[in-house]
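Have a look at the structure below before the remarks.
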Amino acid sequence: NQPKQAQLSATDHFNLAFVAFEGGKREEAKRICSELLTHYPNYADGMNLMGVIHHQAGELEQAREWFVKSVAADANNPHYALNMAMVCNA
């Protein structure tokens, strides 16, 4: 029997996704973000990063949906609102 692998924290998941994204590995970043949001569904930074990933891929509707979710999760973060406004005005 192998020991069960410890679940990564939300911050660890996010950092892995961000490093993948910054390294140009968009699909890997999206996969890690999906895992993050499965375990931590209200993690606004993850929602925002998913929006950025979709925006960079030209998937504006998906990007808008993720930015709207990030603003709903943390309305006090001006970066989320700015990203949402940018996509809604595109």
Side-chain angles (χ1 to χ4, degrees):
N1 262 351
Q2 298 231 342
K4 189 174 182 178
Q5 186 177 13
Q7 181 173 312
L8 292 175
S9 72
T11 302
D12 289 340
H13 264 106
F14 178 78
N15 288 340
L16 287 171
F18 189 78
V19 167
F21 175 74
E22 287 289 303
K25 300 175 182 175
R26 190 171 47 226
E27 289 305 313
E28 181 180 342
K30 190 188 298 186
R31 180 187 57 76
I32 296 168
C33 263
S34 291
E35 290 175 15
L36 162 66
L37 294 167
T38 296
H39 295 293
Y40 305 96
N42 296 317
Y43 196 74
D45 280 341
M47 295 174 197
N48 185 66
L49 183 55
M50 282 293 268
V52 171
I53 291 167
H54 283 286
H55 183 258
Q56 189 182 68
E59 301 163 344
L60 298 183
E61 184 57 31
Q62 294 94 327
R64 187 191 67 75
E65 289 173 12
W66 282 110
F67 291 142
V68 167
K69 289 178 183 181
S70 69
V71 169
D74 183 1
N76 294 319
N77 189 313
H79 299 288
Y80 304 160
L82 181 62
N83 286 340
M84 184 177 67
M86 177 183 60
V87 170
C88 288
N89 290 324

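For Leu49 against Cys33, the heavy-atom pair with the smallest separation is CD2-SG, 3.7 Å. Listed here is the closest heavy atom pair of Ser70 and Ala44: CB-O, 3.7 Å. For Met47 against Pro41, the heavy-atom pair with the smallest separation is CE-O, 2.9 Å. The shortest non-hydrogen separation linking Ala29 to Ala17 is CB-O, 3.4 Å. Here the closest heavy-atom approach between residue Ile32 and residue His13 is recorded as CG2-O, 3.3 Å.
Annotation: the span from Lys30 atom NZ to Gln62 atom CD amounts to 7.5 Å, rounded to 0.5 Å. Taken to the nearest 0.5 Å, the CG atom of Asp74 stands 10.5 Å off from the NE2 atom of His79. Here the CG atom belonging to Asn77 is positioned 7.0 Å from the CG atom belonging to Asp45, to the nearest 0.5 angstrom.
The shortest side-chain heavy-atom distance between Arg64 and Leu60 does not fall under the 4.5 Å cut-off. Counting only heavy atoms from C-beta outward, the side chains of Leu37 and Met50 approach each other to under 4.5 Å. For the pair Asn48 and Phe67, the minimum side-chain heavy-atom distance is below 4.5 Å. Using a 4.5 Å cut-off on side-chain heavy atoms (C-beta onward), Phe21 and Gln56 make contact. A 4.5 Å side-chain heavy-atom check between Tyr40 and Leu8 finds every atom pair outside the cut-off.
Salt bridge absent: Glu65 and Lys69 never bring a charged side-chain N and a carboxylate O closer than 4.0 Å.
The neighbour count for Phe18 CZ, taken as heavy atoms of other residues, nucleotides or ligands under 6.0 Å away, does not exceed 12.
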